[in-house]
*Asks:* 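One structure, as structure tokens, below. Some questions next.
Nothing here was measured: the structure is a model prediction, and the numbers come from that model.
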Amino acid sequence: MFHGLSRRTLNALIIGCLLIITYLNLSTTPDEDTPLEPLTLAPLPETGWHLWYSREGVPVYWQSNAEDSLRIAVQGDEDVSFKTRVNGQDWATALKARLMNSDSDFAAGIALQGPLSETELKQAASYLISTLQLTPPPTGMSECRQQHPAGALWWNREQGKSTVSDVDLPANALSAGTAEPAIQTQGLPDRDAWQAFRSGEAKRLRREWLSPAAIDIAADLAYHRWPENDLKHLYQTLATAQRDAPHAFALCQRAATNSVTRSSE
């Protein structure tokens with residue numbers, strides 16, 4: 001095909017082809033601000049967890065199932081928690097014996113699951129609350145977390161925290177400017193890192209919520225006063241959240257903190 005062309009002409013053709021290929025690659029490679037395509041996530045199936053508040057205001061997640069045992073998880077702060085499993089047929093007597101000499105008088109959320117009716121599970125929760133003198137946990141999730149759940153989750157994972165733990169931004173996360181606060185962008189995810197994060201976290205949430213360990217998540221949800229459907233909302237939000245989500249959450253937190261500071265002066 002190229003028979004008879006000079007070496008100079010061939011070199012020019014090769015260079016031209018390389019330039020065209022380079023241009024096409026650059027023109028089709030998304031930059032950091034190009035929105036990511038939504039993830040295709042299967043809906044989280046209903047697992048039978050329900051939220052109920054006792055008359056004392058203690059949040060309780062409960063689930064009726066076909067197991068033989070009543071499983072209980074009481075979540076307080078980092079230093080106080082209680083987990084046990086008792087026979088589902090004689091749960092009242094077994095639970096009374098199990099609670100002897102347990103820590104008491106602390107703020108907590110509760111999760112219970114077992115072969116009991118809704119009424120019986122609520123009775124078991126009420127007995128726990130009365131015997132352990134449990135009180136309602138601190139105020140629930142912040143407005144910023146409700147607005148930017150995926151961004152809040154990113155900050156928690158950066159600090160090795162659970163999905164629903166309160167978010168404590170590091171001191172160097174924000175720098176106050178003369179006008180609006182500006183995020184320190186160093187350490188925030190780039191486009192590829194965010195894509196991997198939201199995909200991995202969606203799989204992780206689904207796996208954990210459908211596993212036997214879901215009772216621990218439910219107790220954590222109760223302690224942090226998450227509404228009944230907010231874990232599903234977080235899962236769905238990950239499908240469309242963009243890489244500026246951590247940035248947006250941090251800005252919201254700083255604005256809320258500054259507002260509280262000004263109101264107290």
Side-chain angles (χ1 to χ4, degrees), residues 14-45 47 141-177 179-211 213-214 216-217 220-221 224 226 229-257:
I14 293 172
I15 293 172
C17 290
L18 291 174
L19 290 174
I20 291 173
I21 292 171
T22 301
Y23 171 78
L24 291 175
N25 284 335
L26 291 175
S27 63
T28 57
T29 300
D31 62 27
E32 288 297 308
D33 295 325
T34 301
L36 291 164
E37 292 293 325
L39 299 174
T40 301
L41 301 178
L44 281 180
T47 56
M141 70 165 60
S142 68
E143 188 173 323
C144 291
R145 185 166 203 154
Q146 291 175 337
Q147 294 175 7
H148 311 285
L153 178 62
W154 185 84
W155 285 106
N156 267 0
R157 292 295 187 241
E158 283 293 289
Q159 298 172 36
K161 292 186 174 183
S162 73
T163 301
V164 300
S165 294
D166 295 332
V167 183
D168 296 318
L169 291 176
N172 63 348
L174 296 166
S175 61
E180 294 185 2
I183 298 295
Q184 297 281 0
T185 56
Q186 184 178 4
L188 291 178
D190 60 22
R191 192 173 185 276
D192 290 340
W194 180 254
Q195 172 73 334
F197 171 83
R198 64 177 191 160
S199 177
E201 285 301 321
K203 293 176 182 177
R204 175 176 177 171
L205 282 177
R206 183 179 182 85
R207 182 177 64 251
E208 290 181 347
W209 188 236
L210 299 178
S211 75
D216 298 323
I217 300 175
D220 214 12
L221 290 170
H224 291 93
W226 274 42
N229 293 316
D230 274 30
L231 191 70
K232 288 185 178 180
H233 175 62
L234 169 60
Y235 174 78
Q236 294 162 351
T237 300
L238 285 168
T240 56
Q242 299 300 318
R243 79 176 193 91
D244 63 346
H247 184 155
F249 173 79
L251 279 177
C252 183
Q253 282 286 84
R254 169 52 67 91
T257 301

*Asks:* Can you give me the closest heavy-atom contact between Ala42 and Arg206, atom names plus distance?
*Replies:* O-NH1, 3.2 Å

*Asks:* For residues Phe197 and Glu158, determine if any side-chain heavy atom of one lies less than 4.5 Å from a side-chain heavy atom of the other.
*Replies:* no

*Asks:* In Å, rounded to the nearest 0.5 Å, how long is the span from CD1 of Ile217 to CD of Glu208?
*Replies:* 4.5 Å

*Asks:* Under 3.5 Å, is there a donor on one side chain and an acceptor on the other for Asp220 and His224?
*Replies:* yes

*Asks:* Keeping Trp154 on the side-chain end and Trp194 on the backbone end, is there a donor-acceptor pair under 3.5 Å?
*Replies:* no

*Asks:* Nearest 0.5 angstrom please: Leu169 CG to Gln253 CD, how far?
*Replies:* 5.5 Å

*Asks:* Which value, rounded to the nearest 0.5 Å, describes the distance between Gln242 atom CD and Thr34 atom OG1?
*Replies:* 10.0 Å

*Asks:* Please round to the nearest 0.5 Å and tell me the distance separating atom CG of Leu234 and atom CG of Asn229.
*Replies:* 12.5 Å

*Asks:* Which heavy atom of Ser162 sits nearest a heavy atom of Arg157, and at what distance?
*Replies:* C-NH1, 3.4 Å

*Asks:* Do Thr237 and Leu153 come within less than 4.5 Å of each other through their side chains, counting heavy atoms only?
*Replies:* no

*Asks:* Would you say the side-chain atoms of Asp230 pair up with the backbone N or O of His233, donor to acceptor, closer than 3.5 Å?
*Replies:* no

*Asks:* Rounded to the nearest 0.5 Å, what separation is found between the CZ atom of Arg191 and the CG atom of Asp244?
*Replies:* 12.5 Å

*Asks:* Quick check: closest heavy atoms across Ala202 and Leu41, and the distance to 0.1 Å?
*Replies:* CB-CD2, 3.8 Å

*Asks:* Using the rule given for side chain to side chain contact (heavy atoms under 4.5 Å, CB included), can you reason through His148 versus Trp155, listing the C-alpha separation, both sets of side-chain angles and the distance that settles it, and then say yes or no?
*Replies:* CA-CA 11 Å; His148 311 285; Trp155 285 106; over 6 Å; no

*Asks:* Could you tell me whether Arg198 and Glu201 make a salt bridge, using a distance below 4.0 angstrom between a side-chain N and a carboxylate O?
*Replies:* no

*Asks:* Restricting to non-hydrogen atoms, name the atom on Ala241 and the atom on Ala150 that form the minimum distance, rounded to 0.1 Å.
*Replies:* CB-CB, 3.6 Å

*Asks:* Within the side chain of Lys161, is there an N or O that forms a donor-acceptor pair under 3.5 Å with the backbone of Val167?
*Replies:* no

*Asks:* Nearest 0.5 Å, what's the CG-CH2 distance between Leu44 and Trp209?
*Replies:* 9.0 Å

*Asks:* Restricting to non-hydrogen atoms, name the atom on Asp168 and the atom on Gln159 that form the minimum distance, rounded to 0.1 Å.
*Replies:* O-NE2, 2.6 Å

*Asks:* If every non-hydrogen atom of Asn156 is compared with every non-hydrogen atom of Ser165, which pair is closest and at what distance?
*Replies:* ND2-O, 2.9 Å

*Asks:* Please say whether more than 12 non-hydrogen atoms of neighbouring residues, nucleotides or ligands are located less than 6.0 Å from NZ in Lys203.
*Replies:* no

